[in-house]
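Written out below as structure tokens is the structure these notes cover.
It should be emphasised that the depicted structure is a prediction, and the values quoted were computed from it without experimental measurement.
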Amino acid sequence: MMNKPHPRGDETRPTVTLLRAIANEHHVALADTSNRWAHLDAEGLSYITLLVNGINHPDDRGHRMFADDLLALFPR
């Protein structure tokens, strides 16, 4: 990820695009935290502040986003 353009804009990672397509085609739930990370600026957050290493490893707050999205798929 280093020396590459800032990761904003349309999704370019093939795996994320593929998972979204599979979930849509088969009508299955997807905890799409990548979508939230793509819009952190709209929440007033810089994604870099949620990373342990400043590159690609989420800190506890970043991991909490993944957990929250996953738990949202299982209503009480």
Heavy-atom pair of closest approach, residues [X] and [Y]:
X     : Y     : result
Thr49 : Asp59 : O-OD2, 3.5 Å
Trp37 : Gly62 : CZ2-CA, 3.7 Å
Ala29 : Leu73 : CB-CD2, 3.8 Å

>> Set out, in order, the CA-CA distance, both residues' side-chain angles and the distance that settles side-chain contact (heavy atoms from CB on, under 4.5 Å) for Met65 and Leu40, then state yes or no.
In response: CA-CA 11 Å; Met65 287 182 193; Leu40 285 174; 3.7 Å; yes
Looking at [atom1] of [X] and [atom2] of [Y], how far apart are the two atoms once the value is rounded to the nearest 0.5 Å?
X     : Y     : atom1 : atom2 : answer
Ile22 : Arg20 : CD1   : CZ    : 13.0 Å
Asp68 : His63 : CG    : NE2   : 12.5 Å
Ile55 : Leu51 : CD1   : CG    : 9.0 Å

>> Using the side chain to side chain contact (heavy atoms under 4.5 Å, CB included) definition, which of the options Val28, Thr33, Asp32 pairs with Leu30?
In response: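 For Leu30, the side chain to side chain contact (heavy atoms under 4.5 Å, CB included) check succeeds only for Asp32.
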> Of all residues at least two apart in sequence or in a different chain, which pass the side-chain hydrogen bond (donor to acceptor under 3.5 Å, both in side chains) check with Asn53?
Replying inline: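 Asn53: side-chain hydrogen bond (donor to acceptor under 3.5 Å, both in side chains) contacts with Asn56.
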> Is there a path of hydrophobic side-chain contacts, each under 4.5 Å between heavy atoms of I, L, V, M, F, W or Y residues, that connects Tyr47 with Phe66?
Replying inline: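 Yes, it is one cluster - the side chains of Tyr47 and Phe66 are joined through contacts under 4.5 Å.
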> Is Leu50 linked to Val52 within one hydrophobic cluster, defined over Ile, Leu, Val, Met, Phe, Trp and Tyr using a side-chain heavy-atom separation of less than 4.5 Å?
Replying inline: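 No, it is not one cluster - the side chains of Leu50 and Val52 are not joined through contacts under 4.5 Å.
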>> Whether the Arg13 and Ser34 side chains hold a donor-acceptor pair (N or O, under 3.5 Å, no angle test) is what I'd like checked.
In response: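 Their side chains do contain a donor-acceptor pair, which is all the 3.5 Å distance test asks for.
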